[in-house]
Colleague: 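Below is one structure. I have some questions about it.
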Amino acid sequence: MHFTSERRLDDGVVAREFTLGEIPGTLWTPESAASAPLILMAHNNGLPKGEPRLVARARHTAANGYAVATIDAAGCGDRPRSTADQQARADLRRAMQAGEPVDEIFESFIGPLVEKAAPEWRTTLDALLALPEIDGPVGYSGWTALGIRLAVTEPRIAAAGFFAGGYVPRAQREEARQVTVPLLFLLQWDDEGNPRQRALDLFDAFGTKEKTLHANMGGHVGTPWFELEDGGRFYDRHLR
């Protein structure tokens, strides 16, 4: 892991950009903490690590005493996408504009995106936990499909918060039954791109005995800010 820049922000947080081989990432840590629990933070469906909503969540979480890390995994953010991915995204835009069904198009690129991203997140986790300023345990926050895969395959993740606003491939809907860590699931009741019943069915499928559903009125990007504060209390219960 090679750190390429460091900034001390006015909220008592240190933000550092890093590279790990071909993987670019950002690590936020509280300036005052000797060591901190870690939260991996991923945006839905591979949006860039610099997306403003993710950065705001990360800074708030780090200011409350956590190390927070995000990456642009393979096919995510500004990293190159395959010709097949680019074609699938073009097909998706055309189908949405025409009002046609889009599930199979989502399946064709979100499924492979999860398969490519999960190993790079695990590699990043290995490197992060070797840093002296980061202690366990580890939480996860964000993109549901990726989070399901990591929660099932990565035993170091102790708790997870999922956002229900992204498409979850069939493989991860099946894997949801194997998720056993404490779970907080955020649902926007009127999300235009995520059928409500499918999100409720997914919540029902999670295998963990400790799962909480928070549903709020509003569309895809309308999650209330207080959910970040409630999420902080969730992580405090399970990571401290």
Colleague: Set out, in order, the CA-CA distance, both residues' side-chain angles and the distance that settles side-chain contact (heavy atoms from CB on, under 4.5 Å) for T124 and D126, then state yes or no.
Modeller: CA-CA 5 Å; T124 303; D126 290 341; over 6 Å; no

Colleague: What heavy-atom pair brings Y235 and G139 nearest, and what distance separates the two atoms?
Modeller: CE2-CA, 4.5 Å

Colleague: Can you give me the closest heavy-atom contact between V168 and T144, atom names plus distance?
Modeller: CG2-CG2, 3.8 Å

Colleague: May I ask you to decide if V221's main-chain N or O and Q188's side chain share a donor-acceptor pair within less than 3.5 Å?
Modeller: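 Side chain of Q188 to backbone of V221: no pair is present.
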
Colleague: Listed by chain and number, what are the side chain to side chain donor-acceptor pair (under 3.5 Å) partners of T212, not counting sequence neighbours?
Modeller: none

Colleague: So which heavy atom on A158 is nearest to which on L239, and how close?
Modeller: CB-CD2, 4.0 Å

Colleague: Linking Ile, Leu, Val, Met, Phe, Trp and Tyr through side-chain heavy atoms less than 4.5 Å apart, which residues share a cluster with W225?
Modeller: L228

Colleague: Suppose the criterion is salt bridge (charged side-chain N to carboxylate O under 4.0 Å, His left out): which pairs have a residue in residues 136-155, not counting sequence neighbours?
Modeller: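 Those involving residues 136-155 are E115-R149, R149-E175, E154-R156.
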
Colleague: List the atom of P132, the atom of S35, and the distance in Å for their closest heavy-atom pair.
Modeller: O-CB, 4.0 Å

Colleague: Sort and list the pairs that fulfil ring pair (Phe, Tyr, Trp, His ring centres under 6.0 Å) and have at least one residue in residues 74-96, not counting sequence neighbours.
Modeller: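 Of all non-adjacent pairs touching residues 74-96, none passes ring pair (Phe, Tyr, Trp, His ring centres under 6.0 Å).
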
Colleague: Looking at A151 and V181, what are the two nearest heavy atoms and their distance?
Modeller: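 A151 and V181 have their closest heavy atoms at CB-CG2, 4.4 Å.
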
Colleague: Please list every donor-acceptor pair under 3.5 Å in which a side-chain atom of residues 47-55 meets a protein atom from a residue at least two apart or in another chain.
Modeller:
unit_1 : atom_1 : unit_2 : atom_2 : d
K49    : NZ     : E17    : OE1    : 2.8
K49    : NZ     : T26    : OG1    : 3.3
E51    : OE1    : H43    : NE2    : 3.3
E51    : OE1    : R53    : N      : 2.7
E51    : OE1    : L54    : N      : 3.4

Colleague: With a 4.0 Å cut-off on N to O distance, would you call R196 and D191 a salt bridge?
Modeller: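 Not counted as a salt bridge, because no side-chain N and carboxylate O are separated by less than 4.0 Å.
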
Colleague: Restricting to ring-ring contact (aromatic ring centres under 6.0 Å, His included), what partner residues turn up for F206, sequence neighbours left out?
Modeller: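 So F206 forms a ring-ring contact (aromatic ring centres under 6.0 Å, His included) with F162, F185.
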
Colleague: Is the closest side-chain heavy-atom distance between R59 and V68 below 4.5 Å?
Modeller: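 In short, these two side chains do not touch, never coming nearer than 4.5 Å.
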
Colleague: For E210 and H238, which I'm curious about, is there any donor-acceptor pair between the side chains at under 3.5 Å?
Modeller: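 Result is yes, a qualifying pair exists.
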
Colleague: Could you tell me whether E133 and R16 have a side-chain N and a carboxylate O separated by less than 4.0 Å?
Modeller: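 Yes, E133 and R16 are salt-bridged.
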
Colleague: Above 12 or not: heavy atoms from other molecules or residues under 6.0 Å from CZ of R240?
Modeller: yes

Colleague: Tell me, with the steps shown, if F3 and M1 meet side-chain contact (heavy atoms from CB on, under 4.5 Å).
Modeller: CA-CA 7 Å; F3 288 101; M1 178 174 282; 3.8 Å; yes

Colleague: Near E22 CD, under 6.0 Å, is it more than 12 heavy atoms from other residues, nucleotides or ligands?
Modeller: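 For E22, atom CD is not crowded (no more than 12 foreign heavy atoms under 6.0 Å).
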
Colleague: Check whether any side-chain N or O of T19 sits under 3.5 Å from a backbone N or O of G21 as a donor-acceptor pair, and report yes or no.
Modeller: no

